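Small disclaimer: the values here were computed from a predicted structure and weren't measured. Atom set for the values below is all heavy atoms of this structure, side chains included, hydrogens, waters and symmetry mates excluded. Here is how names work: the chains are called A, B, and so on, in the same order as the sequence lines, proteins then strands, and each is numbered from 1.
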There are 2 protein chains.
Amino acid sequence: MLDVRQLRTLRALADHGTVSAAAEALYLTPSAVSQQLAVLSKSTGCELLERRGRNVVLTEAARVLVTHADVVFAQLERAQSELRAISPVPMTVRIAGFPTAIMAVVAPAMRVLRDAHPEWGFEVADTESEDSVAHLIDGSVDVAVVMAAPNRPLLGDPRIKILPLLEEIYHAALPAGHRLAGAEHVSLTDLVQEPFVLAAEGLSCHDQVTAICADAGFQPRGRYRATDFGAVLALIANGFGVTLLPTLGVPLQVPEGVVLLPLKEDWPRRVSLIAVRSGAEYPEVIAALTAAAAKLVP
Amino acid sequence: MLDVRQLRTLRALADHGTVSAAAEALYLTPSAVSQQLAVLSKSTGCELLERRGRNVVLTEAARVLVTHADVVFAQLERAQSELRAISPVPMTVRIAGFPTAIMAVVAPAMRVLRDAHPEWGFEVADTESEDSVAHLIDGSVDVAVVMAAPNRPLLGDPRIKILPLLEEIYHAALPAGHRLAGAEHVSLTDLVQEPFVLAAEGLSCHDQVTAICADAGFQPRGRYRATDFGAVLALIANGFGVTLLPTLGVPLQVPEGVVLLPLKEDWPRRVSLIAVRSGAEYPEVIAALTAAAAKLVP
DNA sequence: TCAGATCATTCAGTTCAGCTTAACGGTTTC
DNA sequence: GAAACCGTTAAGCTGAACTGAATGATCTGA
């Protein structure tokens, strides 16, 4: 019978592309990965790897096997998930999310869950969405709140189940005395010449704002950088520029000297998703997150 | 993550009822089984066994786990089955069947398969249906041709997939000079006083005939026993009694001195089934068996 | 064009998970 | 009440699976 450990190794190879990378992900040496796959190949009677230069690629047989393996993994998750619900050992939920989601959605949801299940343990990780999904797959996190993005291939992975969470619109944050501050709403085209206060490069908030501006046909000028929204707003309050804030980024108390106006356009939207491992779907956690999101964006 | 080997052990315990019996089935010591299940219990956080006197019984959690495990096993079978089809290593099909089925159905079907796939290997086991199913489950056989019977619980096992094969009627075999030998057909009630030539006790043919007679309200009298149909018919030809033969038991050449007459009643029927492991369904083999059966009983 | 870097595999040596053996306590049976 | 049986535990051992070093093949950049 097929060995699930070997299937897991094959899966890691499919994920990471090279034996070395798979080995690293599994905390093994390349040697061990190579040996495991050799045994698997022998036990199935199929060639699974094909050398392509100094690398290897999966054969058709290996791809078929990976597809089946994913179903097995999901079923094992499902079993474990159901047992966790039966088990007297208190459950520990490990949640990953991007910073604003944790503030606005995860934390309130966890409060509800803690009140309902005081014995549960909670772990929260503040990670960018790519990392969240990777942690989901390697099992170090159970539920992830991630942002939808076109270039996020892992969200199509069969091992991951995706559920919609919320959709945010953006607001423009302006200094109180700004020429546009009196309007009902602001158009992106109004902001072409404005100096922007942006998040640090590499953070998703930075990428999002620049992407939105790029879609609108300009590149945001901005000499000021700050890592969190509080700092960004403080800079804006003092007249250093403007920025775009997604709904979750709007703090409960808008600081003095900052005006938030909805965008005239309705297309720059930020879609957040819940991601869980297929089979291990934590229905209560999902329900709590969804409820918390519904309170913010009904 | 759950260990499939441990799940298999739990399954064996569920099958065999006791740790000792499960151990024997797995070619392990009871100690090993106990230890595996202890580890599984710890890793799930659930009690899986409950002592009941000097035995153990599965808890609810364990039963849930077994249900999930069966799905995993089937999926692993499915993967292996698909790879076998891709593999360049020639397939070996291991078929078990009861004696008459092998003669009448399995052998002709295998001939067709061998002509289509000269490189395939074949192994045939002549076993009673209970054993066939057991071998199917323990993996030592791939396809089994078995008889349906009310007291055959394993046919409801989720690890086994059942397909209809054929339905036989019975014939009465009489000596040529017998008082009933001239009739169109014979009723069971005509045979109440007749001496029967039966198969050896313990063989399914014996049980079937006595069961049919019991249903008709009498116990077959019979001092003569023989293990195979040829011998039975030879005894009948020499006037030692009568018997009931299912269609597959009717040899191509009815020996001189024996008359076969259809039964007037249509209810003593023998239903044969194909059994395969869920997931490993050998479609070509099934097709060949079904085709061979259709030739016999259109 | 060649040296150095990278990658997968092989082989020998080692380690530890998981087995067996042996001993024990509880339960049933005669 | 002794003997048989069953499951669990403890101790020790074995082999499957890992590591590490060596090899060959390939790619890259100077």
Side-chain angles (χ1 to χ4, degrees), chain A residues 1-63 65-66 69 76 80 138-139, chain B residues 1-63 65-66 69 76 80 138-139:
Chain A
M1 169 93 5
L2 293 168
D3 178 11
V4 172
R5 157 189 285 263
Q6 290 164 5
L7 294 181
R8 223 169 267 289
T9 300
L10 181 64
R11 205 351 154 170
L13 179 61
D15 283 340
H16 297 94
T18 69
V19 171
S20 305
E24 193 179 2
L26 297 167
Y27 302 103
L28 291 175
T29 58
S31 173
V33 170
S34 181
Q35 289 176 56
Q36 275 196 39
L37 295 176
V39 172
L40 183 61
S41 175
K42 198 161 194 180
S43 77
T44 56
C46 296
E47 291 298 324
L48 298 174
L49 306 184
E50 199 175 294
R51 286 210 77 134
R52 202 48 74 72
R54 63 183 171 186
N55 296 333
V56 289
V57 294
L58 300 198
T59 62
E60 179 58 27
R63 284 195 296 273
L65 196 49
V66 167
L76 287 171
Q80 207 164 26
D138 75 25
Chain B
M1 170 93 5
L2 291 168
D3 178 11
V4 172
R5 158 188 284 263
Q6 290 163 7
L7 293 181
R8 224 169 267 288
T9 302
L10 180 64
R11 205 353 153 170
L13 178 60
D15 283 341
H16 297 93
T18 69
V19 171
S20 305
E24 193 179 1
L26 296 167
Y27 302 102
L28 291 175
T29 58
S31 172
V33 170
S34 181
Q35 289 176 54
Q36 276 196 38
L37 295 175
V39 172
L40 183 61
S41 175
K42 197 162 193 180
S43 77
T44 56
C46 295
E47 291 298 327
L48 297 174
L49 306 183
E50 199 174 295
R51 285 211 78 134
R52 202 50 72 73
R54 63 183 171 186
N55 297 333
V56 290
V57 294
L58 301 197
T59 62
E60 180 58 28
R63 283 195 296 273
L65 196 49
V66 167
L76 287 170
Q80 208 165 25
D138 76 24

| query | Between dT6(C) and Ser20(A), is there an OP1 or OP2 to side-chain N/O distance shorter than 4.0 Å? | reply | no
| Which comes earlier along DNA chain D counting from the 5' end, the contact point of Gln36(A) or that of Arg52(A), where each point is its nearest nucleotide? | Gln36(A)
| said: What is the separation between atom CD on Glu47(A) and atom P on dT9(C), rounded to the nearest whole Å? | reply: 11 Å
| request: Measure from the side-chain N and O atoms of Ser34(B) to the backbone N and O of Pro30(B), and report whether any donor-acceptor pair falls under 3.5 Å. | output: no
| Does Arg8(B) CZ have over 12 foreign heavy atoms under 6.0 Å away? | yes
| message | Please report the distance, rounded to the nearest Å, between CZ in Arg5(A) and C1' in dG18(C). | response | 13 Å
| field | Most 5' of Thr18(B) and Val39(A) on DNA chain D, judged by nearest nucleotide | value | Thr18(B)
| task | Calculate, to the nearest 0.5 Å, the distance between atoms CZ and CG belonging to Arg11(A) and Leu65(A) respectively. | result | 11.0 Å
| message | Do Gln36(A) and Thr9(A) pair up side chain to side chain, a donor and an acceptor below 3.5 Å, judged on atom types alone? | response | yes
| task | Might you point out which heavy atoms bring Val19(A) and Leu13(A) nearest each other, and give the distance in Å? | result | N-CD1, 3.5 Å
| Protein-nucleotide distance (Leu49(B), atom CG; dG7(D), atom P), rounded to Å | 10 Å
| request: For Ser31(A) and Gln35(A), test the side chains for any donor-to-acceptor distance below 3.5 angstrom and give the result as yes or no. | output: yes
| remark: His16(A) atom NE2 is separated from dA8(C) atom P, nearest whole Å, by 13 Å
| Could you state the CG-P distance from Asn55(B) to dA4(D), rounded to the nearest angstrom? | 18 Å
| field | Between dA16(D) (P) and Lys42(A) (NZ): distance, integer Å | value | 13 Å
| Atom pair distance, as rounded to whole Å: CG in Leu28(A) and P in dA17(D) | 12 Å
| To the nearest angstrom, how far is Leu40(B) atom CG from dT8(D) atom P? | 13 Å
| note | All heavy atoms of Ala62(A) vs all of Leu10(A), minimum pair found to be O-CD2, 3.8 Å
Could you pull out the protein-nucleic contacts involving nucleotides 20-25 of chain D (nitrogen or oxygen on both sides, under 3.5 Å)?
| residue | atom | partner | partner atom | Å |
| --- | --- | --- | --- | --- |
| dG20(D) | O6 | Ser31(A) | OG | 2.7 |

